[in-house]
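Contents: one structure, followed by commentary.
Order of the sequence lines fixes the chain letters, A, B, ..., with proteins taken first and strands second; residue numbering starts at 1 for each chain.
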2 protein chains.
Amino acid sequence: MNQPRPTGRRRPRQSDIARLAGVSQATVSLVLRGTPAGMALAKRTRQSVLDAAEELGYVPDPVATRLASATNAMLGLYTFSATFPTDVAHSYYPILVGVEEEAAAQGQDLILFTGSARTAGRADDPAAVRRVRVADGCLFFGRHVPEEPVRRLAEDGFPFVYIGRRDEPGVPYVGADYVSASAEVVARLAALGHRTLRYLREHDQAPASSDREEGVLRGAREAGLDTADLVVRTDGRDLDTRLRDWRAAGVTAVVVEQTDTGAALDGLGAAVDAAGLRCPEDLSLALLGAPTGTRGTAPGGGADFGGFVVPMRAMGRDAVRLLLRLIGGDRSEPTRRLLPCEPVEGGTLAPAPSPTHHPRKD
Amino acid sequence: MNQPRPTGRRRPRQSDIARLAGVSQATVSLVLRGTPAGMALAKRTRQSVLDAAEELGYVPDPVATRLASATNAMLGLYTFSATFPTDVAHSYYPILVGVEEEAAAQGQDLILFTGSARTAGRADDPAAVRRVRVADGCLFFGRHVPEEPVRRLAEDGFPFVYIGRRDEPGVPYVGADYVSASAEVVARLAALGHRTLRYLREHDQAPASSDREEGVLRGAREAGLDTADLVVRTDGRDLDTRLRDWRAAGVTAVVVEQTDTGAALDGLGAAVDAAGLRCPEDLSLALLGAPTGTRGTAPGGGADFGGFVVPMRAMGRDAVRLLLRLIGGDRSEPTRRLLPCEPVEGGTLAPAPSPTHHPRKD
DNA sequence: TCAAGGGTCTAATACGTATTAGCGAAACAC
DNA sequence: GTGTTTCGCTAATACGTATTAGACCCTTGA
């Protein structure tokens, strides 16, 4: 399968340099790597090797370098996002921007493992995941991460960092503090006079969803709100009738999580439109965790969503820094970090309409 | 530098399978690769190899595969953009989206060579460019591409494709038809009654700039407009006084190119604001080549820029397809392609104000 | 003169897979 | 029974670099 080079001249390797400089390949390697052993060589030898390398335009082959078990200054980024790569612009790119910025700043190239995932048919195919070994280390991102293949990587000592909090003990991650941020949003709604809320989350069990739910519940309890029917699971397609019931029950605000599919949010928007409700006059809407810069607008109007914003870019940057620490063998704590989310004012948050105000029970 | 595996169990290789199945490593390779030679082996042998591989959870090492076979299902993307990676969101990401989509669809992973560029200090460092060889082929993108290192790649038969038209004969590219699109914009302005225009381009010699200028000139000639002082070179910081002069000379519309720095456009916006001019009432503005989805708005108001839009995403996709053709050894023509740009209506284009109408001279 | 010690460098090997030439055995033809 | 072909597999090598044990030479000291 070794294709012949059409135009003859093969790219130079260390043995070419060795021949030109009259030394051995091993010497070339020592000199070029600049190791202590290499520096100990005679000045003349060093120089002639460097000259020869320069003359031939030598550049080390990263693949061979990597095979010989050094590092190759490449970081991987593997995404498990459900909708990826179709809805590629959403939720993935803010992360990518941060990752890329920091990687570039640190002199690391970036491998996007999007093709492997596709080839295997499923992104969680163990074989596909194993492919990340080309890189020195890898970032994982996505709500649903297959544990088995990643666990095997961990067993082999392969460095990786999750972007997003993980429940598995010991795995390094850089996440966002959804709990605090979600609680804060509910507190804000309560301060605006909302006493009866609903929180919409999707069906899956991703930590990002659980954390938001936890935060919403905590915020509700701390504000003395009723938490009985607070949490609602939805796939986004069943909201029309529900929304009507909620209104009848005195609900004045709905909190919804932002996911990679956006199912809950889209469904809610459609339901609000269908019901002919205006936001925020009839109903306040809060969005938990839009990616920075993509806040989106509320149904039926140009109002920006209030809620909080996930510091995707910062997470990307931090994750790269942590990964490089791990690659460098630095196992000192902490290897887990939660970044604060930024609260966002928005036109979708307004004081609760007084007519439907329900007095607190306790 | 061989790091010991912390938890003992080394990941299985072909030789492990070979031992378990009682065959040679070569046989394992043949069977697993599924080559004709591999299929020709005895059924029993094949099966025992496959069973052993399954039992051990074998996954081929992509690094070794690449070193031995010269392909690894990875495409490179190397960017020469001046502002990269600071202004990373601009002009680079629409391309990246297209590239990534198509790469994923074709089962290819993507290597972003942003770190090498940084490490070397300059993106056009020959050593940095040479690094793209890890990939099976590479896409180049950016206004200012260093010819020398790329020429060496070409000599070595390394497959690559430019995103953006190139003057060098023979090099493959996927570009945009700036000439036609620019001419069309001028024709539109002429149809709106504008007789005296200025075209702002930056100082550099990138093909993207030359093509737009050529198109503007062609459009002007075809519409019978004066081309004498039409083309203006600027770095964006000298436009305040010039703008005043142009107004005095009866200029009713300014056409400006969009570049990766946006210098000309930004400068024009500032000058228009400083002069207290309103767009499009006092002056029409046309923008040649905003990236899709990032049309931007005119100075002093919310009006969208009229002009044309560069099909960045489509270019990215096409470039990947072409690159894969080249990697596959398909040297049949064509290896150069120009995609049409989409004309864009916009609030910045309006009929020329009649009071300052200057009759044609000829 | 011999041993010891340092300074330079190289031979050998490892990394994990792909590929090719060809070996031994069996089947076939005469 | 001797050539010839085919079949099924393996030994050997290549890919390009990193690493280590130690070879070789030159000093130095006894």
Side-chain angles (χ1 to χ4, degrees), chain A residues 1-5 10-19 21-49 53 56-74 127 130-131 133-134 136 156 158, chain B residues 1-5 10-19 21-49 53 56 58-73 130-131 133-134 136 156:
Chain A
M1 196 179 274
N2 266 311
Q3 309 181 13
R5 309 280 177 187
R10 193 176 34 74
R11 86 196 195 98
R13 1 167 202 186
Q14 290 186 347
S15 56
D16 296 322
I17 300 177
R19 203 173 319 115
V23 297
S24 74
Q25 176 267 326
T27 300
V28 173
S29 176
L30 291 178
V31 169
L32 294 184
R33 296 239 3 167
T35 57
M39 301 306 287
L41 296 184
K43 209 174 214 170
R44 268 186 56 87
T45 310
R46 270 181 53 74
Q47 197 53 51
S48 61
V49 166
L56 294 177
Y58 172 80
V59 163
D61 180 341
V63 176
T65 304
R66 175 65 176 158
L67 182 60
S69 282
T71 59
N72 61 3
M74 294 196 179
R130 198 76 48 87
R131 206 173 138 75
R133 287 173 176 282
V134 228
D136 292 338
D156 291 348
F158 183 82
Chain B
M1 199 178 270
N2 265 309
Q3 309 182 13
R5 309 280 177 186
R10 190 176 38 74
R11 79 200 197 97
R13 0 167 204 186
Q14 290 187 348
S15 56
D16 297 320
I17 300 177
R19 204 174 317 115
V23 298
S24 73
Q25 175 268 325
T27 301
V28 173
S29 176
L30 291 178
V31 169
L32 294 183
R33 296 240 5 172
T35 56
M39 301 306 288
L41 296 184
K43 210 173 212 169
R44 267 185 57 87
T45 309
R46 269 181 55 76
Q47 196 54 50
S48 62
V49 166
L56 294 177
Y58 171 81
V59 166
D61 179 341
V63 178
T65 304
R66 166 63 166 140
L67 183 61
S69 75
T71 69
N72 60 2
R130 196 79 46 86
R131 201 173 144 76
R133 286 173 175 282
V134 224
D136 292 339
D156 291 349

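We find that CG of B:Leu67 is positioned 9 Å from C1' of D:dA14, with the value rounded to whole Å. Distance, B:Arg33 CZ to C:dT17 C1': 9 Å, rounded to whole Å. Here D:dA18 presents its P atom at 15 Å from CZ of A:Arg13, a figure rounded to the nearest Å. Atoms CG (A:Asp61) and P (D:dA14) sit 17 Å apart, rounded to a whole Å. The nearest whole Å value for the distance from the CD atom in A:Gln14 to the C1' atom in D:dG16 is 7 Å. Separating the CZ atom of A:Arg19 from the C1' atom of D:dG16 is a distance of 13 Å, rounded to the nearest angstrom. Atom CD1 of B:Ile17 is separated from atom P of C:dG16 by 13 Å (rounded to the nearest Å). Straight-line distance from the CG atom of B:Asp16 to the C1' atom of C:dT17: 13 Å, rounded to whole Å.
Note that CG of B:Leu30 and CZ of B:Arg46 are 10.5 Å apart. Values are rounded to the nearest 0.5 Å. Atoms CD1 and OG1, from A:Ile17 and A:Thr27 in turn, are 11.5 Å apart once rounded to the nearest 0.5 Å. If you take CZ on A:Arg66 and CG on B:Asp61, they are separated by 8.5 Å, rounding to the nearest 0.5 Å. Between the CG atom of A:Leu56 and the CZ atom of A:Arg13 there is a distance of 12.0 Å, given to the nearest 0.5 Å.
When each of A:Leu30 and A:Ala64 is assigned the nucleotide of DNA chain D with its nearest heavy atom, A:Ala64 is the one assigned upstream, toward the 5' end. Along DNA chain D, the nucleotide closest to B:Ser24 and the one closest to A:Pro12 are compared, and the more 5′ of them pairs with B:Ser24.
With C:dT19, D:dC9, D:dT19 as the candidates, the nucleotide lying closest to the side chain of B:Thr27 is D:dC9. Closest contact between the side chain of B:Ala26 and the listed nucleotides C:dT19, D:dG16, C:dG16 involves C:dT19. For B:Leu41, the side-chain atoms get nearest to D:dC9 when compared with the rest of D:dC9, D:dT19, C:dA18. Of the candidates D:dA12, C:dG16, D:dA18, D:dA12 carries the atom nearest the B:Gln25 side chain, counting heavy atoms from C-beta on.
The side chain of A:Ser29 places an N or O atom within less than 4.0 Å of a non-bridging phosphate oxygen (OP1 or OP2) of D:dA18. Phosphate proximity of D:dC15 to B:Arg66: absent, as no side-chain N or O sits under 4.0 Å from OP1 or OP2.
Across all strands, A:Ala42 comes closer than 4.0 Å only to sugar-phosphate atoms, never to a base (heavy-atom distances). Residue-level contact check: B:Val23 touches the backbone only, with heavy atoms under 4.0 Å from sugar-phosphate atoms and none from bases. Counting any heavy atom pair closer than 4.0 Å across all strands shown, A:Thr45 reaches sugar-phosphate atoms only and no base atom. Residue A:Ala37 is out of contact with every strand shown, counting any heavy-atom pair closer than 4.0 Å.
The shortest non-hydrogen separation linking B:Leu32 to B:Tyr58 is CD1-CE2, 3.5 Å.
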